[in-house]
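Below: the structure, in C-alpha cells.
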Amino acid sequence: MTGQERYNVAETERRWQKAWDGKKCFAAQEDPSRPKFYALAMFPYPSGKLHMGHVRNYSLSDVVARFKRAQGFNVLNPMGWDAFGLPAENAALERGVHPRKWTLENIAVMKGQLKSMGLAIDWEREVTTCLPEYYRHEQKFFLDFLKAGLAYQKESMVNWDPVDNCVLANEQVVDGKGWRSGAPVERRTLKQWFLKITDFADDLLDGLKTLDGWPDKVRLMQENWIGKSQGLKLRFDIVNHEDRQIEIFTTRPDTLFGASFVALAPDHPLSLELGEKDAGIKDFIAECRRLGTSEATLEKAEKNGFDTGLQVHHPFLKNKTLRVFIANFVLMDYGTGAIFGCPAHDQRDLDFARKYALDVQPVVIPLSSDPGTFTVENEAYTGPGHLCHSDFLNGMTVEDAKAEVIRRIEGMNRGEGTTLYRLRDWGVSRQRYWGCPVPVIHCEKCGVVPVPEKDLPVTLPEDIDFKKPGNPVANHPTWKNVECPQCGGAAARETDTFDTFFESSWYQFRYTDAHNTERGFDKAKADYWAPVDQYIGGIEHAVMHLLYARFFTRALKKCGYISCEEPFTALFTQGMVTHMSYKDEDGKWIYPDEIEKGHNGALVRKSDGAPVAPGRIEKMSKSKKNTVDPVEIISAYGADAARLFILSDSPPERDLEWTEAGIDGAWKYVNRLWRLVNGGGSAPHEGRGGAAADADACMALRRKIHVTIRDMTQDLEKFHFNKAVAKMRELSNALEAFDGDATVFREGLETLIKLMSPVMPHLAEELWAQLGHATMVVDEKWPEADPALCVSDSVTMAIQVNGKLRATVTLPRGMEKQAAEKAALAEDAVQKALDGKSPKKIIVVPDRIINVVV
RNA sequence: GCGGGCGUGGCGGAACUGGUAGACGCGGCAGACUUAGGAUCUGUUGAGGCAACUCGUGGGGGUUCAAGUCCCUCCGCCCGCACCA
C-alpha cells in the first residue's frame, strides 16, 4: 500500500492526463484491419467558457469513446469549434474587440477547460470553422453546388430594423422591436442565396426509415418538418373580373362545399396590388408586417383579417360566392399563399369565421351522427366521417371525397392534385461580418460570376467598422471592389456570408482529414471513418442542424465527395442541465454561490444577510444567474467526481438538476473507491483463510462480478449510464463487505477498475497502478462475463392471492408449474388469505410469480 | 397556434416483452468511533396502523387473474418553429 492518507485529486488527474498525452493514446489512424468507431459530440460555440451542458455532452461522448476503445474498436473522437456567429459581433460592438481575436481567445480558454476534463480526444484533428483553412473548402463546395444547380438566388423576407438599417435575427426581435434600436421591425424582401434542400425532400423522408439508431421522436419531428402532404391547387374566378383568378392550396378538398371564405397572405401579390389602390388594405398589410418573420409569432398573434371587397365564384355551386380576405395567419411561404376557409373543420378558420360572422356549415360528420342535427359550435370537427350537405359527395368517406373533388376540378381545368412539402429551401445568406463569405462576384455585364477556384479562399476584410449602421462587410470601403473574372470589368463581391449551419453541416467529414490543404477531406479517409457511428448532442438540434447536415451529406455525395448518404448512423439527444434559481427581496436574480444558510436555516445572501427566496428549477442560464461554473467544480472535486455526478442518477436523455448534494455524493464515492484499494474501512487486504466457510461467499462474489460485467456492458451499450453507475456501486458495496479469498477479491477489484474507467478514467488509472500494474488501464481490454457464473440455481417467486402479494418463496430455478403451485399453497400466509375458499384458477409464470385466483 | 416530449417516496431515479413498485444514490432518523474530517462506519427509512393489514407511480375512467407499463380523457412542465447556436 502507498503511504498516502488521502486521495490527491488535482495532482493525480494532471499526471494521468499527461501520461495519456505522452503516449498519444487517443490519436486515431485509419486501420482497415480493425472495426472503426466514430464517436462525435456536437462541437461547442466558443462563447467564452465551458458550461455544464458542455460537460454533460462531452462526458457522454467520452464514456462511449473509452468504452468502445476498450472493446477493441479503432475509435475516432475529435473536437473542434463552431466559431462563426453573432455573439462575436455583439462582443465587437459592446467591447470593441475584433471578432477574430475574441473568438480565438475564447477557444484557447475553453480548450484548457476541456482538457481538464480528461477527455479521450484526438486533439490533432481540432477544427476551427472561422479560419480560412476550414472555410475555404466550403466555398469550394458552394461553387460545386452552384454548378450542380443546388444553389440559387431569390427574393425572401427578412426582419428589417429601419433605424440600424440592418437585418435582425428572430432572436434580436423583442416584442416586434429591434433589440438595440427599439424601433418597430418591418418585414421586407431581400435577394438571397438558397440551397435546394427541397430537391431532396422525398429522399430525406425515406432516409429517416433507415435511421433506426435515431430516437423515434427526432425522426417524427423531421418527418413533420418536411411535412409531405397531398392536396389540391384550385383556381377560383374573381366575381366581375372573370379573367382573373386566385389560386389556393388545400389539403382538405373534401370540405369544399363547407367553404365560407378565401384568404390571402398579406404578402400575396394580389394583396400587394390591392394595397396600391386602397389605403386601408395598405395599412393592414403594414400592420401584419410588423409581426416580423417568425412563424411562432405569426401563429400566436390574434387572427386578424381585412375584407378586400372582392368575391370569388364557388367552382361547383353556381350561385354561391365567397368573400376574399387578407389574413395574418396565411403564410406566403406555404402552398400558394392563399387558402379557402372551411370553419366547421379547421380551428383557425372557425375562430376567424366567428370573428367576422361567416357561415359555419359542417360537411363531414362522424358516422353515428345525423346531418340534420350535427352542428359545430366552438370546436372544429377534424375527425373521420362521411360527407353531407355536399351535393355529389354526400355519403362518401373523407378519402373518397378528396379524390372525387380533385378528379372533377382537374376535369374542369380549374386545378390539379398536388404533392406539397412544408419544407422550404435553405436560406444561407446572412448580412453579417462574422461568417464565411459567399464566393461569388456580381458583374453588371456578366451577372453572377463564381469566384475562380484559384482565387479561393475569399477571406474577410480584417479592418472592419461595426459602429456604422448596416452590414459591416458591405460598408467596407474597398473590399468588395474587384475585377470581373470573366470580362475584367469593374464588379462587386457578394457581401453576404453563410449561415453558420453551413459550417456545422460538414465538420463531421473534416475531422476525418483535418489538415488537408487541397480539399475538404480525402475521400478514402472520409469513407473509412464516415458515417459517424454515434452522434451526441442536445435535443434542440432535432430538426434544423440535423436536417441540414443530412441534406449536405447528400449534396456532397452528388458532387462526388463522399460515399455515404447519412452522416450519423446513431443519434443520442441529451437533456438540459438545470439548477435552482434564486431571487433576492427586490426580485433580482442572484447566483447560488452568493447564498448561504442563515441561523434559522433560511437562505440568506452571504454579503449582507438579506433573505433570499428559491425560485424554480430551470435550464442554467446567465440571465437567471443559476449557473454553476464547471471550472470551479473540477478544481474543487476533480474531473472524475464531476463526470460521475453527471452520469449517475439522471438518465442522460432527461434533464439533469445540478445540486451541491449530488456532487458531494460523487466526491465521497471517489474517495471511497480510493480507500477500497488503499485500505481503511473494512476492506480486506489479504486473504483470510480460504476455509470451506468462505466458499459460498466467494461463489456469491464471483457471481456478482460477472453479473455486473454483463449488466454494465448492456447498460453502456444502451446509454443507461445512470444504471451502469448503480451496478458499479453494487459491486463495490459487495467488495467492501467481502471477507474471503484474496484472489477472488482481487479479481473483483480489477474488474471494478476496468468497469469504472470510462466514467472515472483518472481514478481508474491511479488505482490500477496502485495494484502494481505497470500498464495503463486505458489499454486494458473490456472484461467479459462468463454466462455460467451469472446464473444462480434458486429463484425467489412472488405469490399473490387475487393479485395481491401474500408471500414470497425461494424455489429451484425452472421448477415445474404443478410443483410451484403446491409450494405456493403450502404457505401459511396463502392459506390465511384463502380463508377456507378453494382456488378457482392458479396462474404460474415460471421463475416469476404465482397468482391464486379465488 | 402547430409539431415533439416528460410526469414514480422528502429528492434524483430503478422496474426486461403487462408479473414482488421504490434497485442504486442523496437527504432524514438512531447509534459507534475520535486522528473533530470535505470525516468515516453500523442500522433504519414510501405513507397510515400496536398489529393483522390498508393505501400508494400527475388527476379521473377503462381492459386484465395481474397495470408505473395497454386504451380513453383531463392537468402541469419542457423543447423546436426556418437569421441564437
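The basis for the numbers below is simple: all heavy atoms, side chains too, and nothing from hydrogens, waters or symmetry mates. Letters A, B, ... are given to chains in the order of the sequence lines, protein chains preceding strands, and every chain is numbered from 1.
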Presence of salt bridge, R432(A) and E89(A), under 4.0 angstrom: no
Any heavy-atom pair between the side chains of K727(A) and Q714(A) that's under 4.5 Å? no
Along nucleotides 80-85 of chain B, 5' to 3', which nucleotides get a B, which get an S, and which get a -, given that the test is a protein heavy-atom distance under 4.0 Å? SBBBBB
By ring pair (Phe, Tyr, Trp, His ring centres under 6.0 Å), F352(A) pairs with (sequence neighbours left out) F261(A), F325(A), F329(A), Y356(A)
Would you mind pulling out the nucleotide paired to C84(B), Watson-Crick or G-U wobble, both distances under 3.5 Å? none
Quick one: label K832(A) by what it contacts on the DNA or RNA (base, sugar-phosphate, nothing), any heavy atom closer than 4.0 Å. sugar-phosphate
So, taking the atom named CZ in R550(A) and the one named CH2 in W214(A), what distance separates them when rounded to the nearest 0.5 Å? 5.5 Å
Value in whole Å for how far the P atom of U40(B) lies from CH2 of W674(A): 14 Å
Span that lies between the C1' atom of G13(B) and that of U64(B), in whole angstrom: 29 Å
Using whole Å, what does the distance between atom P of nucleotide U64(B) and atom CG of N802(A) come to? 15 Å
Which part of the nucleic acid, if any, lies within contact of Y669(A), taking any heavy atom under 4.0 Å across all strands shown: a base, the sugar-phosphate backbone alone, or nothing? nothing
Under 4.0 Å, counting only non-hydrogen atoms across every strand here, what does M576(A) touch: a base, just sugar-phosphate, or nothing? sugar-phosphate
Report which part of the nucleic acid D333(A) touches: base, sugar-phosphate, or nothing (heavy-atom distance under 4.0 Å, all strands). nothing
Rounding to an integer number of Å, can you tell me how far E223(A) CD sits from G5(B) P? 12 Å
T500(A): side chain to side chain donor-acceptor pair (under 3.5 Å) partners, not counting sequence neighbours: none
Counterpart residues, ring pair (Phe, Tyr, Trp, His ring centres under 6.0 Å), relative to H51(A) (two or more places apart): H54(A)
Would you tabulate the side-chain donor-acceptor contacts of residues 649-657 of chain A under 3.5 Å, counting partners in other chains and residues two or more places apart, or write 'none'?
from    : atom 1 : to      : atom 2 : distance (Å)
D655(A) : OD1    : M576(A) : N      : 3.0

When the P atoms of A21(B) and A82(B) are considered, how many whole Å apart are they? 48 Å
Base, sugar-phosphate alone, or nothing: which one does Q800(A) contact when heavy atoms must sit under 4.0 Å apart? base
Looking for any heavy atom pair under 4.0 Å, which part of the strands does I843(A) touch: base, sugar-phosphate only, or nothing? base
Partner residues of K723(A) under the side chain to side chain donor-acceptor pair (under 3.5 Å) criterion, sequence neighbours left out: H720(A)
Atom CG of L644(A) and atom P of C24(B) are separated, to the nearest Å, by 16 Å
Numerically ordered, the residues 845-852 of chain A set in heavy-atom contact under 4.0 Å with RNA chain B is V845(A), R848(A), I849(A), N851(A)
List the residues meeting side chain to side chain donor-acceptor pair (under 3.5 Å) with D161(A), not counting sequence neighbours, and say none if there are none. S181(A)
Expressed as a whole number of angstroms, how long is the span from N733(A):CG to C24(B):P? 8 Å
So A301(A), base contact, sugar-phosphate only, or nothing? Heavy-atom distance under 4.0 Å. nothing
Between A66(B) (P) and I799(A) (CD1): distance, integer Å: 18 Å
By the definition side-chain contact (heavy atoms from CB on, under 4.5 Å), identify the one residue from W667(A), Y637(A), W674(A) that meets it with V9(A). W667(A)
K303(A) and D351(A) ion-paired at < 4.0 Å: no
Test ring pair (Phe, Tyr, Trp, His ring centres under 6.0 Å) applied to F498(A) - qualifying residues, sequence neighbours left out: F142(A), F502(A)
Touch check for T796(A), heavy atoms < 4.0 angstrom, all strands: base, sugar-phosphate only, or nothing? base
Assert: residue with more 5' nearest nucleotide on RNA chain B, out of A636(A) and V725(A), is V725(A)
With A829(A), which residues qualify under side-chain contact (heavy atoms from CB on, under 4.5 Å), at least two apart? A807(A)
Nucleotide opposite C65(B) in a Watson-Crick or G-U pair, distances under 3.5 Å: G19(B)
In this structure, how many angstroms lie between the C1' atom of C79(B) and the CD atom of Q222(A), rounded? 15 Å
Scanning all shown strands, the Watson-Crick or wobble mate of A32(B) with both distances under 3.5 Å is U40(B)
To the nearest angstrom, the CZ-P distance between R672(A) and C24(B) comes to 12 Å
Re C50(B): Watson-Crick or G-U wobble partner, both distances kept under 3.5 Å, found to be none
Could you please name the partner base of C26(B), counting Watson-Crick and G-U wobble pairs only when both distances are under 3.5 Å? G10(B)
Does G9(B) sit syn or anti, given that only angles within 90° of 0 count as syn? syn
Strictly under 4.0 angstrom, non-hydrogen atoms only: write out the protein contact profile of nucleotides 6-15 of chain B, one letter per nucleotide from the 5' end, B, S or -. -S----BSSS
List in chain and number order the residues that pass ring pair (Phe, Tyr, Trp, His ring centres under 6.0 Å) with F501(A), two or more places apart in sequence or in another chain; answer none if no residue qualifies. Y548(A)
So does K804(A) get a side-chain nitrogen or oxygen closer than 4.0 Å to the phosphate oxygens (OP1/OP2) of G19(B)? no
Nearest-angstrom distance, C1' atom, G18(B) to U63(B): 12 Å
